[in-house]
Amino acid sequence: MGKSEGCFHCCLHYMFDYETSKTLVIPNLGLGVFFRFKLLVVLYVVGYVCVVQKAYQETDSVISSVATKVKGSAFTNTSDMDPRFWDVADYVTPSQGDNSFFVLTNMVITPLQTQSRCSEIPNPSSTCVDDDCTEGYNDPRGNGIRTGLCENYSATAKTCHVRSWCPLEVDTQLPEHALLAAAENFTVLIKNTLTYPKFHFHRRNIPSHINSSYLEGCEFNRATDPDCPIFRLKHVVSEAGEEFQDMAVKKGRYPRYPYRLEGYPYLKDYDVTEAVSMGTSYGTE
């Protein structure tokens with residue numbers, strides 16, 4: 001009977017007793033400063049070191065290389081020049097660039113030029129009145145060495161006479177259509193590799209399953225062929241929202257090729273879970 005009564009009292013205490021913590025205040029300057037200092041250290045480590053500086057992550061500089069190879073040919077037959085076949089050696093100039101490539105699409109043709117004497121093209125620095133052309137002067141904005149004569153360029157303008165390649169090139173009168181309009185169908189192969197030495201991480205934009213026979217017939221397409229590193233120039237320009245033929249008449253900078261992560265699809269096969277657990281992430285600027 002006593003045992004049952006004891007259990008009953010224990011249950012009553014468990015259900016109806018109320019407990020509260022007791023706070024002890026110690027009026028000691030040294031202990032107070034030490035406690036607050038520990039709190040500041042914790043806030044510094046969590047807030048600044050971990051959140052702001054991300055010191056828990058390891059970083060490494062990327063080693064990257066880009067190689068390009070343009071392919072395509074064109075044939076031109078205009079009144080200003082003889083019929084001509086154009087290949088890569090003719091229209092890729094300069095042949096190399098810093099992570100870039102250049103394609104000639106248009107040119108101003110001045111036929112029958114010879115080294116002789118002729119009147120400068122009218123502009124504020126070349127117009128003259130009788131004897132104000134200094135002989136031997138080389139105008140940085142001009143086209144040759146002045147002879148000292150001031151002659152009629154037209155019925156309404158007089159300019160300084162120069163020794164140069166004459167007739168002078170008038171580069172303000174561009175043809176209505178680009179000389180190499182066919183360049184829109186040229187293609188460029190882009191090879192890109194990146195390495196993070198510290199993490200022994202190496203990737204390239206051409207997956208290992210791609211071989212030379214595949215490259216001979218593929219062309220980049222976001223939907224049907226996203227792994228192909230060969231791009232048609234017309235499509236590259238359209239990625240920037242521009243029309244190739246409009247840009248080809250004058251000049252323009254092609255956009256970075258349409259490859260990021262969206263840009264770097266060759267990083268997609270990397271184990272993201274592993275990267276997170278290592279406290280690392282991969283990318284390029």
Side-chain angles (χ1 to χ4, degrees), residues 3-68 96-101 190-210 220 222-223 226-229 231 236 239-242 252-285:
K3 186 176 181 180
S4 299
E5 185 177 350
C7 290
F8 177 73
H9 283 294
C10 288
C11 290
L12 288 177
H13 282 297
Y14 179 77
M15 295 177 62
F16 297 107
D17 285 358
Y18 175 75
E19 295 180 359
T20 182
S21 59
K22 182 178 181 180
T23 302
L24 180 64
V25 178
I26 303 176
N28 187 290
L29 180 61
L31 288 176
V33 171
F34 178 72
F35 176 77
R36 300 305 177 190
F37 177 75
K38 288 196 303 180
L39 180 61
L40 290 175
V41 170
V42 172
L43 291 176
Y44 170 78
V45 171
V46 174
Y48 181 75
V49 176
C50 293
V51 177
V52 178
Q53 296 294 326
K54 297 182 179 179
Y56 59 91
Q57 292 184 346
E58 288 189 83
T59 60
D60 190 17
S61 299
V62 63
I63 299 175
S64 178
S65 64
V66 179
T68 61
Q96 294 181 341
D98 183 15
N99 295 335
S100 60
F101 64 93
I190 300 177
K191 298 180 181 180
N192 190 6
T193 62
L194 59 88
T195 301
Y196 291 90
K198 180 186 293 186
F199 305 112
H200 307 289
F201 178 88
H202 177 79
R203 283 294 182 276
R204 61 176 189 158
N205 66 318
I206 303 178
S208 57
H209 68 272
I210 290 182
F220 177 83
R222 289 188 183 277
D227 291 333
C228 182
F231 303 87
V236 174
E239 286 285 338
E242 301 290 340
R253 293 180 61 186
Y254 292 146
R256 293 184 179 181
Y257 54 93
Y259 242 40
R260 301 195 57 147
L261 182 55
E262 234 187 270
Y264 289 90
Y266 49 98
L267 295 180
K268 290 182 179 179
D269 59 351
Y270 185 72
D271 188 347
V272 177
T273 303
E274 179 185 350
V276 172
S277 65
M278 291 169 56
T280 59
S281 60
Y282 299 99
T284 60
E285 292 295 331

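Any value given below was found using the heavy atoms of this structure, including those in side chains, with hydrogens, waters and symmetry copies removed.
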### Query
Tell me, do Tyr196 and Val62 make a side-chain contact under 4.5 Å, heavy atoms counted?
yes
### Query
Which heavy-atom pair separates Ser61 from Pro197 by the least distance, and what is that distance?
O-CD, 3.8 Å
### Summary
Closest non-hydrogen atoms of Ser65 and Asn192, given as atom of the first, atom of the second and distance, are O-OD1, 2.9 Å
### Query
Can you name the side-chain contact (heavy atoms from CB on, under 4.5 Å) partners of Val42, sequence neighbours left out?
Val46
### Summary
All heavy atoms of Pro226 vs all of Arg222, minimum pair found to be CB-O, 3.8 Å
### Message
When you measure from the side chain of Asn205 to the backbone of Ile190, do you find a donor-acceptor pair of N or O atoms at a distance under 3.5 Å?
### Response
yes
### Summary
Separation between OG1 (Thr195) and CZ (Arg203), nearest 0.5 Å, reads 10.0 Å
